[in-house]
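Read the structure below first, then the notes.
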Amino acid sequence: MTSTEDFVIQLALDKGVITPAQVDAAREQIAQHTDLSTPPPKVAEVLLKEKVVTAMQFSKLLADHFGLQAVDVTMARIGGDMINFMSRELAARYKALPISKSGRTLRVAVSDPFDVQTLDELAHVLGLTIDPCVAPAQDIKNATERLYGKDPATMEKMLENGEDLDNLVQTNEEAEPTAGKDNDGPIIKLVHSIIMEAIQRRASDIHLEPMEKRFRVRYRVDGVLLEVENPPKRLQHSIISRLKIMANISIAEKRIPQDGRIQVASTGKSLDLRVSSLPTVHGESIVMRILDKEGLSLGLPELGFFSDDRATMERLIALPDGLFLVTGPTGSGKTTTLYSCLHFINKPDKKIITVEDPVEYQLSGINQVPVRHDVGMTFASALRSMLRQAPNIVMVGEIRDLETAEIAINASLTGHMVFSTLHTNDAPGAITRLSDIGVKPFLISTSLRAALAQRLVRTVCKKCKKPYSPDAEEIRSLNITPAQCSTATFMKGAGCPNCNGTGYRGRYGIFELFLINDEITRMIYDGIGTGPLRDKARALGMRTMREDGLRKVLAGATTIEEVVSITVGDAG
């Protein structure tokens, strides 16, 4: 036995994980080994084979003794970017698996923490600080093959021996992952781990994209796509088929886009995954939007409104009638803002009805109506019927056409407060957009109370944020004055496990609030364009999104580069 094995056996005995009788039995079994063509097994190997103890238990014993952490690399999903920090050759030579990177520190799984020389050599070769953790040797080998792919020599050997490289692939007709032996299927487990890892990382979307020679998996975390460990290309068809079965969409149809839904349970609550399938040159691309229907209870401060804008917003959304629009591109948080507004004004004396496509979050005390085009339940038809329900407040998920716009505006003119969204780049652009779809200027001017444009910027990680001094170029990019610099609290994230080394965790809104007063009303009635409307609003005190972002930079909530990248259109 090696010194490491002797040591771990003694540790297991001391901790009561195994008994002396079990060790003696293992040694008796070794003594009976008569096959001279193979070396006799070791005590630890016999104990593992007889399932007296697990490899993970041995790893935990070693980790505890050395003050390290034991890691189950079979369940961890390791980012595909790890191959940039340690090559396949180094991983094989040192029998080490890169787990994550934070700053200049690379976290590495090894099976033998006794081998300090190996860790020192690895640190020298990579030029990084090594943070070791402990995992079973076989698990490290298997995870290394998942990360780097099978070694070409190994693949050739398997083919020569006639082994089936697709022996892990199950049929597409498998049942849903309920209790029972079907849950043990490797493809089911792999799909489940992809979804669970995305949820743990707080991802909003999962992207599975067929490339020519690989099958790429990416998570969108805080608005930024992050590539993670890619499954083998050969499993692409089985993974996509499994997801389509779960989403209740046809696995036989691969020529047209399809949509479906998956419900999963995580940490005691139910989550919805909105699934979109799109045919591409190299196979079907799958995107899953993760929706926590029960998890939305944001107030206006959590969205990013400072006290002055929050007071204005609270006054606007409490008005008895009129039209309030939230504008921005897809994924800018418009629906979340509207839900937060409804949450604020949701009182027992108010009847609130929404029509959405689809209903993304469930709000207690609010009547939510899903759009169903297959049975003729469009935004317009639903809105027309909703008004017969005598609501005080109406939310229309999106104004897409003239019919919906006119019904919404007429509702706002007859004693209802109407909330909705539009796809425009800025707040004054909402006027032009409504005019473009055919709404008369006099209807816009008499119904619209305000338009809010917004974007989302990443916020600095609270656990690793540190003060810093921006350079001259950064200061010029946002036109920061010396007076503002003198009172600012510039912050930047150093990168830590809490934020996956990015320096950011979570997102915050930056806003442009366009209020309608008598002067603006007359300009809208006269058909004045977006440019003059924007100039007049600026003269009346409207802040652009870049200016609002600057306030959040000065408060240390986000960074200069984040605001600059999101508000390129405001540079002038």
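Between Glu212 and Lys233, none of the side-chain N atoms (NZ, or NE/NH1/NH2) sits under 4.0 Å from a carboxylate O, so this pair counts as no salt bridge. Of the charged side-chain nitrogens involved, none lies within less than 4.0 Å of a carboxylate oxygen, so that Arg216 and Glu229 do not count as a salt-bridged pair. Looking at Arg274 and Asp259, no side-chain N of the basic residue comes within less than 4.0 Å of a carboxylate O on the acidic one, giving no salt bridge. Remark: Glu547 does not engage Arg551 in a salt bridge, criterion side-chain N to carboxylate O under 4.0 Å. Using a 4.0 Å cut-off between charged nitrogen and carboxylate oxygen, Glu398 and Lys334 do not count as a salt-bridge pair. Classification of Arg449 and Asp321 as a salt-bridged pair holds, one side-chain N sitting under 4.0 Å from a carboxylate O. We find that Glu253 and Arg255 are joined by a salt bridge, their nearest charged nitrogen and carboxylate oxygen being less than 4.0 Å apart. At a threshold of 4.0 Å, the pair Asp357-Arg400 counts as salt-bridged, since one of the basic side-chain nitrogens sits closer than that to a carboxylate oxygen. The pair Lys254-Glu284 does not meet the salt-bridge criterion, since no charged nitrogen lies less than 4.0 angstrom from a carboxylate oxygen. By the 4.0 Å N-to-carboxylate-O rule, Arg214 lies close enough to Glu227 to be salt-bridged with it. Taking 4.0 Å as the cut-off between side-chain N and carboxylate O, Arg202 and Asp222 count as a salt-bridged pair.
Taking Arg543 as the reference, Asp308, Asp309 meet the side chain to side chain donor-acceptor pair (under 3.5 Å) condition, with sequence neighbours excluded. Every residue two or more places apart in sequence or in another chain that forms a side chain to side chain contact (heavy atoms under 4.5 Å, CB included) with Asp526 is listed here: Ile528. In this structure Arg522 satisfies the salt bridge (charged side-chain N to carboxylate O under 4.0 Å, His left out) test with no other residue, sequence neighbours excluded. Taking the side chain to side chain contact (heavy atoms under 4.5 Å, CB included) definition, one finds that Ser100 meets it with Arg107, sequence neighbours left out. Looking at residues two or more places apart in sequence or on another chain, you find a side chain to side chain contact (heavy atoms under 4.5 Å, CB included) between Pro370 and Val359. Listed by chain and number, the residues in a ring pair (Phe, Tyr, Trp, His ring centres under 6.0 Å) with Phe305 are Phe511 (sequence neighbours excluded).
No option in Thr421, Thr424, Leu434, Val396 other than Leu434 meets the side chain to side chain contact (heavy atoms under 4.5 Å, CB included) test with Leu325.
Cation-pi contact between Lys440 and Tyr525: absent, since separation from the ring centre below 6.0 Å together with deviation from the ring axis within 45° is not met.
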Verdict with reasoning, Thr378 to Ser381, per side chain to side chain donor-acceptor pair (under 3.5 Å): CA-CA 5 Å; Thr378 63; Ser381 61; 3.2 Å; yes
